[in-house]
2 protein chains.
Amino acid sequence: MTSRLTTSSYAVLGLLGIQPWTGYELTRQATRSLRFAWPKSERLLYSEPKKLVEHGLATARQESVGRRGRTVYTITDEGRSALRAWTTSSPQPPTLEAEALLRLLFAENGSTDDLVAALETMADDARALHEQVTTINAGYLDGEHPFPQRTHLSVLFATFQLELFDLMARWVDFAKAEIATWPTTDGLGMTDRTEAMLNSIKEHRSVFDPRSEPIQGEATTTGMSRSVLDW
Amino acid sequence: MTSRLTTSSYAVLGLLGIQPWTGYELTRQATRSLRFAWPKSERLLYSEPKKLVEHGLATARQESVGRRGRTVYTITDEGRSALRAWTTSSPQPPTLEAEALLRLLFAENGSTDDLVAALETMADDARALHEQVTTINAGYLDGEHPFPQRTHLSVLFATFQLELFDLMARWVDFAKAEIATWPTTDGLGMTDRTEAMLNSIKEHRSVFDPRSEPIQGEATTTGMSRSVLDW
DNA sequence: CCGACAATACTGCATCGTGCAGTATGTCCA
DNA sequence: TGGACATACTGCACGATGCAGTATTGTCGG
């Protein structure tokens, strides 16, 4: 029996909608863009196109370079219909997986230095990803986009990634400043600073963008546009 | 054979480090906090403590309420050592899974309305999550924290979640404004606005926080503290 | 020109993790 | 007293991952 289509199937089908690819090329392309919205293993990128073929959404053609073979997958008309139908369905809520934040939740089991080290690893990762996205996108200005007609999509997509990685790096700085005031990781409870943060949360203010104390904050904060990091 | 410990094992072990819990209580607690850093299925939350017992990191005690049984898991000394050791290891890079962003990447297969609908679903989800976190945290000011001595950790953790959900909602507004200028989803390529975004990216400016054109932007932007959304 | 190393191009398999259905009891309110 | 909702799980099929393994082609330095 053919197994059912998952969101990952549509992710691969979306790539096939752009042009035909070999299995290997799909894994390369997934590393460049897909993984920022839908991070999946290389292994799966090899399995999914086979499933699409079973479902009649793609065809497989065997090629060879010397004595080494490779499979080129091409989307079918049914595949295009399936893609179109997919765009009208409702997306699942976004989820973030961050082991460094898990370390914060259970920081009481280690030193403040351990915690800071974990958060700095996260910030380093975020900065590295930020640079990757910046480099790729800077190239678009020099006409280096493999699919020039898709530039409007990939650039808008990139703006989110960059904001996200920037947020991670900035928040880690904020968190490090907070943790620097902790004598220990364990048992502090409601400190003055914690209470101040909670008041900011309650008033929907950001913890970034220092703006002194909430003195002149006449509660005229426009919705969520200011956030929790305001001091 | 006992299977190996994963990050999810340490996530559950971290909870057991706070107090003993039943399997069901672990699933409840995971919904309140864990899922924001380490989203895992309810099913796994029932399986992991058994694995911890096999490894000697926890003990299981059978209780009963009437004729219905339940299992209470308690951390052992070896469990505490394992937790301490874990805090010194290096965390995996953070990953975001967002089906709505996948819709953006492959938006050419649907209408601009389909795309906007997908992004609005994401923004709604983000706002709902923002409210959940805000509500829980506002309660801490009224002494409603189940573990008062841990307030400093959960509040610092919450600041990240709130910034993240706020970013998602604000970015969707930005993206909607951009998409509103598109006559179609397909084939636009490098528009004037796309080029402007790319220049912002290159200069490490944010696409948020309108600050008119990059006229007085003397490239003295301090690192990543401004981001891609500046106009 | 040749040897080393990276890139291309995958597959098999054990195990991890999820979704869903199923089962049963306890509690609360009308 | 009965219906809805919370508590408290387990079994199973299948989706997804990590890792090892296999083999060929391209590249670059000596």
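Hydrogens, waters and symmetry mates are skipped; everything else that's a heavy atom, side chains included, is used. Labels below follow one simple rule: chain letters A, B, ... track the order of the sequence lines, proteins then strands, and each chain is numbered from 1.
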Practice problem: Check if the side chain of A:Arg4 and the base of C:dG19 share a donor-acceptor pair of N or O atoms closer than 3.5 Å. | Solution: no
Considering all heavy atoms, the nearest [X]-[Y] contact:
| X | Y | answer |
| --- | --- | --- |
| B:Ala126 | B:Ala169 | CB-N, 4.4 Å |
| B:Ser89 | A:Arg103 | O-NH1, 2.8 Å |
| B:Gly17 | B:Arg80 | O-NH1, 3.2 Å |

Quiz item: 5'-most contact on DNA chain D: A:Val65 or A:Ser8, nearest heavy atom basis?
Solution: A:Ser8
Quiz item: A:Arg67 or A:Glu42: which one's nearest nucleotide on DNA chain D is closer to the 5' end?
Solution: A:Glu42
Quiz item: Just checking B:Glu48: base, sugar-phosphate only, or nothing, at a heavy-atom cut-off of under 4.0 Å?
Solution: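 The residue B:Glu48 makes sugar-phosphate contact but no base contact.
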Is the distance from OP1 or OP2 of [N] to the nearest side-chain N or O of [X] less than 4.0 Å?
| X | N | result |
| --- | --- | --- |
| B:Thr27 | D:dA8 | no |
| B:Ser3 | C:dC16 | yes |
| A:Tyr46 | C:dC10 | no |
| B:Ser41 | C:dG19 | no |
| A:Lys40 | D:dG15 | no |
| A:Ser47 | D:dG15 | no |

Quiz item: Is it the case that A:Ser111 and A:Asp114 place a side-chain donor and acceptor less than 3.5 Å from each other?
Solution: yes
Quiz item: Taking atom types as modelled and ignoring hydrogens, do the side chains of B:Gln92 and B:Thr7 form a donor-acceptor contact shorter than 3.5 angstrom?
Solution: no
Quiz item: Over its full length, what angle do the end axes of the helix from C:dC1-D:dG30 to C:dA30-D:dT1 make, each axis taken from five pairs and the result rounded to 10 degrees?
Solution: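 One end axis against the other gives 30°.
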Where the side chain of [X] is defined as all heavy atoms beyond and including C-beta, which of [options] is the nearest nucleotide?
| X | options | value |
| --- | --- | --- |
| B:Arg68 | C:dG26, C:dA9, D:dT10 | C:dG26 |
| A:Arg43 | D:dT25, D:dG15, D:dG18 | D:dG18 |
| B:Leu44 | D:dA8, C:dG17, D:dA16 | C:dG17 |

Quiz item: Is it true that B:Arg28 and B:Glu42 make a salt bridge, defined as a side-chain N closer than 4.0 Å to a carboxylate O?
Solution: yes
Quiz item: Can you check the B:Arg28 CZ to D:dC5 P distance for me, whole Å?
Solution: 15 Å
Practice problem: Report yes or no: is the cationic atom of B:Arg170 (NZ for Lys, CZ for Arg) under 6.0 Å from the centre of the six-membered ring of B:Phe174, at an angle within 45° of the ring normal? | Solution: no
